Amino acid sequence: MPHRETTLTEFIIREQRRFPHATGDFTGLLNYIRLACKRISFVVGRGALGGATGAAGSANVQGETQMKLDVLSNDIFLRTNEYGGHLAAMASEEMDEPYVVADPELRGKYLLAFDPLDGSSNIDVNVSVGSIFSVLKCPEGVTEPATRHFLQPGTQQLCAGYAVYGPTTMLVLTLGNGVHGFTLDRGFGEFILTHPDMRIPEDTREFAINTSNERFWEPPVKRYVEECVAGRGGPRGADFNMRWIASMVAEVHRILIRGGLFMYPRDTKDPAKPGRLRLMYEANPMAMIVEQAGGAASTGRGRILEVQPEGLHQRVPVILGSRNEVERIERYHRETDEGLDQPYSSPLFKERSLFTQ
Ligand code: AHG
Ligand code: MN
Ligand code: MN
């Protein structure tokens with residue numbers, strides 16, 4: 001047979017055939033997620049022409065300003081996926097409580113957690129945004145799914161992925177057997193396998209962090225960044241480069257393509273929030289993807305995927321990317337916690353800054 005490109009649907013069917021008792025449910029579920037991402041890609045791509053730029057005039061459960069496209073994308077995810085009959089309930093950044101599929105006849109065996117539009121502060125400036133999703137099994141026998149049924153550690157995810165709406169739209173997916181990237185062919189509306197088996201190099205000389213939060217960072221993070229910025233003449237003996245897009249999806253995508261380190265660490269800005277990113281629909285799916293690509297994903301003090309969730313919108317520190325750098329930062333956390341990293345654990349360190357030596 002002549003060689004031709006593999007579509008996302010064909011890829012999922014092929015993956016499913018590896019499991020002799022597979023029912024085909026997953027193929028169906030992913031078809032709807034794929035359709036939701038295509039729809040969002042279309043409205044994001046129309047920009048101001050679609051009248052969907054700007055703020056919605058509302059706030060979500062976390063008190064964040066919602067953009068019109070946050071609300072619209074959430075709606076698209078809900079409506080598209082509800083129809084498929086594979087999901088019992090869906091949880092999202094934009095909804096206080098899970099949405100339970102209204103028609104009990106249509107309720108399926110899976111739970112979907114998603115961030116419908118990540119990086120939404122970038123919409124109006126025409127910078128890449130994305131959607132992130134995580135699929136869990138609805139516990140056996142549960143017919144009325146609620147928040148507590150979603151609170152499973154990331155190790156329980158059956159599938160995770162994201163779509164990035166950039167110069168091209170890509171869907172990147174893991175079913176627990178590596179990470180595979182598909183590019184949307186706008187000509188005939190299908191995702192085509194263009195990046196099979198994406199791998200994150202173990203080493204990197206590029207990091208991403210919002211340095212405007214520096215004064216709130218913990219000593220191990222200050223130490224790590226200070227050493228990178230010191231460059232060739234510093235303890236690392238190498239020059240480092242830095243990026244900050246403010247769309248986690250785009251940062252993770254860059255790391256999958258060329259390596260790197262992404263951090264939104266724990267900080268002291270608001271003691272009620274142990275980090276910026278949300279565990280269930282940002283950190284966990286990205287951690288599964290990064291681990292499946294050979295990288296590491298940590299809170300600084302343990303694997304993100306092993307955190308036992310306590311709330312749907314719980315926040316968590318995130319340090320992910322090239323394995324050797326993540327392990328180095330974990331070591332810096334251990335050394336701080338054990339008081340071994342003078343002068344970084346000394347109160348004097350608080351007087352020092354990245355920019356004033
Ligand atoms: P969201 O748009 O879904 O609220 O997420 C934005 C997140 C993440 O994508 C990004 O890494 C981070 O917030 C940016 O935060 P800062 O504005 O603090 O840089
Ligand atoms: Mn987000
Ligand atoms: Mn969002």
Side-chain angles (χ1 to χ4, degrees), residues 36-37 40-41 43-44 52-56 58-78 90-96 112-134 160-166 172 206-217 221 225 242-256 260-270 273-287 289-290 297 299 304 312-321:
C37 293
I40 297 171
S41 170
V43 282
V44 166
T53 49
S58 51
N60 65 15
V61 59
Q62 299 154 75
E64 297 166 336
T65 305
Q66 288 178 307
M67 306 298 285
K68 283 187 199 154
L69 274 174
D70 283 323
V71 177
L72 199 58
S73 307
N74 191 60
D75 243 49
I76 290 175
F77 242 90
L78 285 180
M90 290 176 257
S92 152
E93 175 181 318
E94 307 302 337
M95 305 185 300
D96 304 12
L112 179 67
F114 60 90
D115 176 353
L117 206 59
D118 175 68
S120 56
S121 72
N122 279 323
I123 293 166
D124 288 359
V125 280
N126 202 1
V127 168
S128 297
V129 290
S131 304
I132 310 173
F133 58 88
S134 158
Y162 65 80
V164 56
Y165 314 116
V172 172
E206 194 163 77
F207 67 99
I209 191 164
N210 182 343
T211 53
S212 71
N213 293 324
E214 188 215 344
R215 66 192 182 285
F216 303 114
W217 295 341
V221 174
V225 173
M242 202 203 82
R243 288 283 184 277
W244 187 251
I245 306 174
S247 288
M248 188 201 201
V249 163
E251 317 266 11
V252 170
H253 194 65
R254 182 187 63 251
I255 289 171
L256 280 168
L261 180 82
F262 170 86
M263 289 183 275
Y264 217 119
R266 176 187 294 275
D267 63 37
T268 57
K269 204 193 287 179
D270 177 351
K273 294 179 185 164
R276 161 87 171 81
L277 298 168
R278 279 66 45 121
L279 177 62
M280 299 302 297
Y281 41 78
E282 291 177 321
N284 269 341
M286 291 311 202
I289 290 169
V290 165
T299 63
I304 289 175
L312 211 46
H313 302 288
Q314 167 179 352
R315 295 173 193 254
V316 68
V318 173
I319 297 168
L320 58 76

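Quick caveat, the model's predicted, so the values are computed rather than measured. Just follow the structure's listing: the first ligand is 1, and inside any ligand the first atom is 1.
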Item to complete: Indicate, with yes or no, if the rings of Trp244 and Phe262 have centres closer together than 6.0 Å.
Response: yes
Discussion item. Within the 4.5 Å heavy-atom criterion, are Val172 and Leu256 side-chain neighbours or not?
Written reply: yes
Worksheet item: Are any non-hydrogen side-chain atoms of Phe114 and Leu78 less than 4.5 angstrom apart?
Response: yes
Worksheet item: What do we get for Ser120 next to ligand 1 when only non-hydrogen atoms under 4.0 Å count, side chain, backbone, both or neither?
Response: both
Worksheet item: Quick one: does Phe77's side chain get under 4.5 Å of Ser92's, heavy atoms only?
Response: no
Worksheet item: Among the N, O or S atoms that Glu282 has, which is closest to the Mn ion (ligand 2)?
Response: OE2
Worksheet entry | Part of Asp115 within contact of ligand 1 (heavy atoms, under 4.0 Å) | side chain
Practice prompt. Specify which N/O/S atom of Asp118 comes nearest to the Mn ion (ligand 2), by atom name.
Written response: OD1
Discussion item. A side-chain contact here means heavy atoms from C-beta on lying under 4.5 Å apart; do Pro265 and Trp217 qualify?
Written reply: yes
Discussion item. Among residues at least two apart in sequence or on other chains, which ones pass salt bridge (charged side-chain N to carboxylate O under 4.0 Å, His left out) with Glu251?
Written reply: Arg254
Discussion item. Below 4.0 Å, non-hydrogen atoms only: which portion of Arg278 touches ligand 1? Side chain, backbone, both or neither.
Written reply: side chain
Discussion item. Any non-hydrogen side-chain atom of Val129 less than 4.5 Å from a side-chain atom of Leu69?
Written reply: no
Discussion item. Taking 4.0 angstrom as the limit and counting only heavy atoms of Leu117, give me the atoms of ligand 1 inside it, by number and element.
Written reply: 2 (O), 3 (O)
Worksheet item: In terms of side-chain heavy atoms, does Asp118 have a donor or acceptor partner in Tyr281 at a distance below 3.5 Å?
Response: no
Worksheet item: Hey, is ligand 1 close enough to Met248 that some N/O pair sits below 3.5 Å?
Response: yes
Discussion item. If the condition is side chain to side chain donor-acceptor pair (under 3.5 Å), which residues does Arg278 pass it with, not counting sequence neighbours?
Written reply: Gln62, Glu64, Glu93, Glu282
Fill in: Pair Gln66-Asn60, side-chain donor/acceptor within less than 3.5 Å
no
Fill in: Interfacing atoms of ligand 1 (cut-off 4.0 Å, heavy-atom, Ser247)
9 (O)
Worksheet item: Of the backbone atoms (N, CA, C, O) and the side-chain heavy atoms from C-beta on, which set of Tyr281 has a member under 4.0 Å from an atom of ligand 1: side chain, backbone, both, or neither?
Response: neither
Worksheet item: Do you see a protein non-hydrogen atom under 4.0 Å from atom 3 (O) of ligand 1?
Response: yes
Fill in: Ser134 and Asn284: side chain donor to acceptor below 3.5 Å
no
Worksheet item: Hey, does Met280 have a side-chain heavy atom less than 4.5 Å from the side chain of His313?
Response: no
Response to the item:
Filtering Pro116, Ser212, Gly119 for the heavy atom nearest atom 1 (P) of ligand 1 leaves Gly119
Discussion item. Only heavy atoms of Leu277, strictly under 4.0 Å: list the atoms of ligand 1 that pass.
Written reply: 7 (C), 8 (C)
Worksheet item: Does any N or O atom in Arg276 lie less than 3.5 angstrom from one in ligand 1, N or O only?
Response: yes
Discussion item. Within the 4.0 Å heavy-atom shell around Asn210, which atoms of ligand 1 are there?
Written reply: 16 (P), 18 (O), 19 (O)
Discussion item. Tell me the protein heavy atom at minimum distance from atom 5 (O) of ligand 1, and give that distance in Å.
Written reply: Asp118 OD1, 3.2 Å
Item to complete: Just let me know how Asp70 lines up against ligand 1, side chain, backbone, both or neither, with a heavy-atom cut-off below 4.0 Å.
Response: neither
Worksheet item: At the Mn ion (ligand 3), what's the angle from Leu117 O to Asp115 OD1, rounded to 10 degrees?
Response: 90°
Response to the item:
Near Glu282 (heavy-atom distance under 4.0 Å), the atoms of ligand 1 are 3 (O), 5 (O)
Worksheet item: Quick one: which of Trp244, Phe262, Tyr264 has a heavy atom closest to atom 18 (O) of ligand 1?
Response: Tyr264
